[in-house]
There are 2 protein chains.
Amino acid sequence: MKCGVEYIHRDAVERAENQMIDEGVVLDSATVFKALSDPTRIKILHALSITELCVCDLAKMMGMSVSAISHHLRLLRALRIVKFRKEGKVVFYSLDDVHISALIKSCVEHVQEGSEVEG
Amino acid sequence: MKCGVEYIHRDAVERAENQMIDEGVVLDSATVFKALSDPTRIKILHALSITELCVCDLAKMMGMSVSAISHHLRLLRALRIVKFRKEGKVVFYSLDDVHISALIKSCVEHVQEGSEVEG
DNA sequence: CATATATTTGAACAAATGTTCAATTATTTA
DNA sequence: TAAATAATTGAACATTTGTTCAAATATATG
């Protein structure tokens with residue numbers, strides 16, 4: 001059912017609408033959050049926040065296939081969240097962006113505080 | 001293909017493994033990020049960071065059905081990201097958690113910085 | 001060049017997600 | 001009580017996502 005009233009709380013709506021974020025920024029933010037919304041990728045990024053690692057190392061650590069990890073890294077690379085350097089056959093990955101590890105840290109802290117309060 | 005080597009970079013892997021985050025924290029963090037990974041929900045949360053609003057207001061602002069917004073709010077409520085108060089028939093929603101608006105703000109800033117660098 | 005190793009890629013498939021629609025609940029007012 | 005309004009809910013659907021599998025690249029070495 002669609003709400004039939006013109007505006008229930010016109011003032012509040014106008015105040016919020018005047019500060020509306022740009023649609024492009026919203027979409028880009030959603031994309032970044034989506035990249036961080038997978039447990040495997042959080043673990044990858046957390047590990048990379050400690051040291052650079054190759055695909056094979058990460059696969060071992062996560063107990064997952066090299067292919068699966070590589071697909072995740074491709075996504076993170078496309079969003080410039082990780083960078084890489086090649087050394088012979090081996091590709092070393094590391095965090096490209098300090099902000100991302102800050103985001104993860106904030107979220108982890110938030111989650112840990114939340115569970116303390118809840119008991 | 002699974003990597004056959006025992007550990008390509010044993011020291012690095014051990015360092016990262018020693019600081020591995022708790023699985024539960026990883027899952028909870030992923031859930032929070034997932035809640036933030038939808039454009040509609042980012043807009044809802046941004047609007048609520050400015051003022052409390054009812055479901056109908058939000059539906060109008062987003063140009064979406066009341067039902068769709070209500071489904072999103074249910075998710076955000078379940079994760080204690082928004083809270084609500086009832087006033088007669090109307091349910092007013094607002095942010096439950098300051099950390100969340102901080103996370104969104106950080107991400108928005110990150111995105112905006114990124115696009116500056118890229119040109 | 002042929003072989004081995006490290007990684008990437010594309011297709012396929014199951015599982016999860018966002019929206020719509022129709023029905024339901026909760027509250028107010030006639 | 002009946003009608004109207006605000007919101008919630010469940011089922012259904014198309015779309016997206018994460019993983020696996022098999023095949024393809026890229027690099028080093030015999």
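Each chain gets a letter, A, B and so on, in the order the sequences are listed, and its residues count up from 1. For clarity, every value in this text was computed on a predicted model and none was experimentally measured.
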Counting just side-chain N and O atoms, does [X] come under 4.0 Å of either OP1 or OP2 of [N]?
{"X": "A:R77", "N": "C:dT9", "value": "yes"}
{"X": "B:K86", "N": "C:dT27", "value": "yes"}
{"X": "B:R74", "N": "D:dA7", "value": "no"}

Between [N] ([atom2]) and [X] ([atom1]): distance, integer Å:
{"X": "B:L73", "N": "D:dT9", "atom1": "CG", "atom2": "P", "answer": "11 Å"}
{"X": "B:I69", "N": "C:dC21", "atom1": "CD1", "atom2": "C1'", "answer": "16 Å"}
{"X": "B:K89", "N": "C:dT24", "atom1": "NZ", "atom2": "C1'", "answer": "17 Å"}
{"X": "B:E52", "N": "D:dA7", "atom1": "CD", "atom2": "P", "answer": "12 Å"}
{"X": "B:E87", "N": "C:dA26", "atom1": "CD", "atom2": "C1'", "answer": "15 Å"}
{"X": "A:L79", "N": "D:dT17", "atom1": "CG", "atom2": "P", "answer": "11 Å"}
{"X": "A:I42", "N": "D:dT17", "atom1": "CD1", "atom2": "P", "answer": "16 Å"}
{"X": "A:R85", "N": "D:dT27", "atom1": "CZ", "atom2": "C1'", "answer": "15 Å"}

> What are the two closest heavy atoms between B:P39 and A:V26, and how far apart are they?
Replying inline: O-CG1, 3.6 Å

> Which of these, A:H110, A:E113, A:E109, sits in a side-chain hydrogen bond (donor to acceptor under 3.5 Å, both in side chains) with B:H99?
Replying inline: A:E113

> Does the side chain of A:V108 reach to within under 4.5 Å of the side chain of A:V111, using non-hydrogen atoms?
Replying inline: no

> Any side-chain donor-acceptor pair under 3.5 Å between B:E52 and A:H9?
Replying inline: no

> Cut-off 3.5 Å, side chains only: do B:Y93 and B:R85 have a donor facing an acceptor?
Replying inline: no

>> So does B:R15 get a backbone contact from the side chain of B:N18, meaning a donor-acceptor N/O pair under 3.5 Å?
In response: no

>> Under a 3.5 Å distance rule, please check whether B:S70 uses its side chain to pair with a backbone N or O of B:S67 as donor and acceptor.
In response: no

Without placing hydrogens or testing angles, list every side-chain donor-acceptor pair under 3.5 Å for residues 31-38 of chain A, not counting sequence neighbours.
from: A:T31; atom 1: OG1; to: A:L27; atom 2: O; distance (Å): 2.9
from: A:S37; atom 1: OG; to: A:K34; atom 2: O; distance (Å): 2.7
from: A:D38; atom 1: OD2; to: A:T40; atom 2: N; distance (Å): 3.0
from: A:D38; atom 1: OD2; to: A:R41; atom 2: N; distance (Å): 3.1

> When you measure from every atom of DNA chain C, which of residues 22-32 of chain A have a heavy atom less than 4.0 Å away?
Replying inline: none

>> By the 4.0 Å heavy-atom rule, please label B:Y93 as base, sugar-phosphate, or nothing.
In response: sugar-phosphate

> What's the spacing between B:I69 CD1 and B:L58 CG if we round to 0.5 Å?
Replying inline: 6.0 Å

Considering only nitrogen or oxygen atoms on both sides, find all protein atoms under 3.5 Å from nucleotides 17-20 of chain C and state each distance.
from: C:dG18; atom 1: OP1; to: B:R41; atom 2: NH1; distance (Å): 3.4
from: C:dG18; atom 1: OP1; to: B:R41; atom 2: NH2; distance (Å): 2.9
from: C:dG18; atom 1: OP2; to: B:R41; atom 2: NH1; distance (Å): 3.4
from: C:dT19; atom 1: OP1; to: B:T40; atom 2: OG1; distance (Å): 3.3
from: C:dT19; atom 1: OP2; to: B:H72; atom 2: NE2; distance (Å): 2.1
from: C:dT20; atom 1: OP2; to: B:S65; atom 2: OG; distance (Å): 3.3
from: C:dT20; atom 1: O4; to: B:H71; atom 2: NE2; distance (Å): 3.3

